[in-house]
Amino acid sequence: MPISRRNFLRTAAAGTAAVATLPLLSEAHLAMAQRRTPRKADPAGSVRIDANENPLGPCAAACTSISGLIPEGGRYDSDLTGKLAEIFAAQEGLKPEYVSVYAGSSEPLHYSVLAFTSASRAYVTGDPGYEAGMLAAALNGAEVKKVPLTPTHAHDAKAMLAAAPMGGVFYICNPNNPTGTTTPREQIEYALANKPAGSILLIDEAYIHFSDAASAIDLVKADKDVIVLRTFSKLYGMAGIRCGLAIGRPDLLAKIAYYGMNPMPIMAVAAATASLRDPGIIAQRKAINAQIRTQTFEWLTANNYKFIPSESNCFMIDTGRPGHAVMSAMASENVYIGRVWPIMPTSVRITVGTAGDMAQFQTAFKKVMSAPAVAFTGPMPGQNRSRMLS
Ligand code: PLP
């Protein structure tokens with residue numbers, strides 16, 4: 001059954017048992033669940049900064065490669081997928097068998113959690129953190145341990161290990177969704193050195209290109225119990241095209257492949273390949289994102305709004321009032337901002353959009369925050385009613 005906003009909310013609202021009937025979930029579903037008005041019905045000119053998408057979309061070379069491949073759409077063409085893995089592996093100094101290609105990183109995230117957690121091996125994550133893995137763990141009958149981030153909003157490796165001495169998956173999102181903050185290498189190394197046997201570190205690098213954080217791919221190269229996730233949905237602007245990678249030792253990748261290996265959409269593979277071959281795209285887009293983010297932070301500071309400085313394409317603002325009410329008031333101004341996490345109920349997540357998006361955001365945010373706070377009267381977002389996510 002396709003997941004519409006209405007049936008997602010109905011199912012999530014029914015609690016743990018019902019969520020167990022849900023398939024793999026991604027940011028798209030989680031953002032939709034807290035949306036007051038379906039975005040497709042939005043009036044023209046709306047600002048969409050609620051799902052960590054990249055408004056720049058795919059690069060020019062990716063667009064050209066997609067259109068050139070349309071006549072080949074009748075073929076599965078697994079060779080193209082193999083070549084993508086080879087190109088990525090060569091760029092990173094890995095053997096190609098250390099790279100598996102998926103239609104986005106949501107799939108390997110979900111499958112890694114299914115493969116390495118169980119009723120006796122918990123899933124351990126930072127809080128606030130990206131929820132997709134928590135839902136997969138609950139589906140698998142595993143305990144979910146949410147460990148608050150440190151005061152600098154990094155993952156607290158020591159506390160994560162203490163929370164589940166027999167954990168199965170220690171999930172570190174670097175930079176983190178939703179805070180956009182990075183976790184220093186020492187924390188990752190501590191977790192690796194002290195984690196229980198048979199467990200993995202699942203390092204989600206969906207946003208790494210926006211930041212200066214060091215990748216953990218070298219730990220994969222060193223044959224450690226580490227799976228790194230990458231996606232083309234963020235810096236490369238391909239969320240709607242779907243391509244992602246799991247990078248790990250072949251025996252670890254085989255364990256997650258057990259849960260599914262669909263033939264890849266060939267246009268996604270071609271666009272990802274063209275993106276990897278674009279020599280300037282990472283530096284250009286990182287600079288664009290940083291420039292707009294810095295300008296936004298300067299404006300927030302000048303206006304005395306509280307935010308967490310981020311190194312990514314999203315950041316949290318503490319509004320000092322119920323976050324859902326602010327989301328709702330912003331939607332009335334035609335600016336769709338991101339989600340609220342239970343541990344930070346007065347904060348909202350904002351995605352860095354275009355300069356024009358952020359100018360509209362500033363006007364709307366000032367208006368909303370200058371008006372007296374009103375109680376949230378919209379439909380209760382499904383996320384708050386789900387036991388896993390509270
Ligand atoms: N990991 C994180 C931290 C994310 O925020 C997202 C999406 O927003 C994903 C993974 C999955 O992205 P996709 O399936 O589009 O690659």
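In this chain, numbering begins with 1 at the start of the sequence shown. As the structure lists them, so they are numbered: ligands from 1, and atoms in each ligand from 1. Just so we're clear, the structure is a prediction, and the values are computed from it rather than from any experiment. Values below: all heavy atoms of this structure, side chains included; hydrogens, waters and symmetry mates excluded.
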At less than 4.0 angstrom from any non-hydrogen atom of [X], what atoms of ligand 1 do you find?
X: E27; answer: 7 (C), 8 (O)
X: G104; answer: 14 (O), 16 (O)
X: C173; answer: 3 (C)
X: S233; answer: 13 (P), 15 (O), 16 (O)
X: R242; answer: 13 (P), 14 (O), 15 (O)

Under a 4.0 Å heavy-atom limit, does E107 contact ligand 1 with its side chain, its backbone, both, or neither?
->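 Looking at E107 and ligand 1, no heavy atom falls under 4.0 Å.
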Side-chain (N289) to main-chain (S312) donor-acceptor, under 3.5 angstrom =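 A pair under 3.5 Å: yes.
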Does at least one non-hydrogen atom of A239 fall below 4.0 angstrom from an atom of ligand 1?
->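 No, A239 has no heavy atom closer than 4.0 Å to ligand 1.
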Ligand 1 contacted by Y207 (non-hydrogen, < 4.0 Å) |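 Y207 counts as a contact of ligand 1 under the 4.0 Å cut-off.
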Between Y336 and A331, which heavy-atom pair has the shortest distance, and what is it?
->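 Y336 and A331 have their closest heavy atoms at CE2-CB, 3.9 Å.
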For L30 against R339, the heavy-atom pair lying closest together =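 Nearest heavy atoms, L30 then R339: O-CD, 3.3 Å.
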Regarding S275 and D278, is there a side-chain donor-to-acceptor distance under 3.5 Å anywhere?
->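 S275 vs D278: no donor-acceptor pair found between side chains.
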Using only heavy-atom distances, determine whether the side chains of T351 and N52 contain a donor-acceptor pair under 3.5 Å.
->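 A pair is found: one side chain offers a donor N or O, the other an acceptor, under 3.5 Å apart.
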Can you find an N or O of N177 that's nearer than 3.5 Å to an N or O of ligand 1?
->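 Yes, there is a polar N/O contact under 3.5 Å.
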For [atom], what's the nearest protein heavy atom and its distance?
atom: atom 12 (O) of ligand 1; answer: S105 OG, 3.6 Å
atom: atom 8 (O) of ligand 1; answer: K234 NZ, 2.6 Å
atom: atom 16 (O) of ligand 1; answer: T231 OG1, 2.5 Å
atom: atom 14 (O) of ligand 1; answer: S106 OG, 2.5 Å
atom: atom 1 (N) of ligand 1; answer: D204 OD2, 2.6 Å

May I ask you to check whether H110 and Y259 place their ring centres under 6.0 Å from each other?
->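 Between H110 and Y259, which both carry aromatic rings, the centre distance is not below 6.0 Å.
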Answer yes or no: is there an ion pair linking [X] with [Y], defined by an N-O contact shorter than 4.0 Å?
X: E27; Y: R349; value: yes
X: D212; Y: K286; value: yes
X: D225; Y: R249; value: yes

Which one of Y130, Y171, Y102 has a non-hydrogen atom at the shortest distance from atom 4 (C) of ligand 1?
->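 Closest candidate by heavy-atom distance is Y130.
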Steps toward salt bridge (Lys or Arg N to Asp or Glu O under 4.0 Å) verdict (E333, K367) = CA-CA 9 Å; E333 298 299 320; K367 183 171 168 193; 3.2 Å; yes
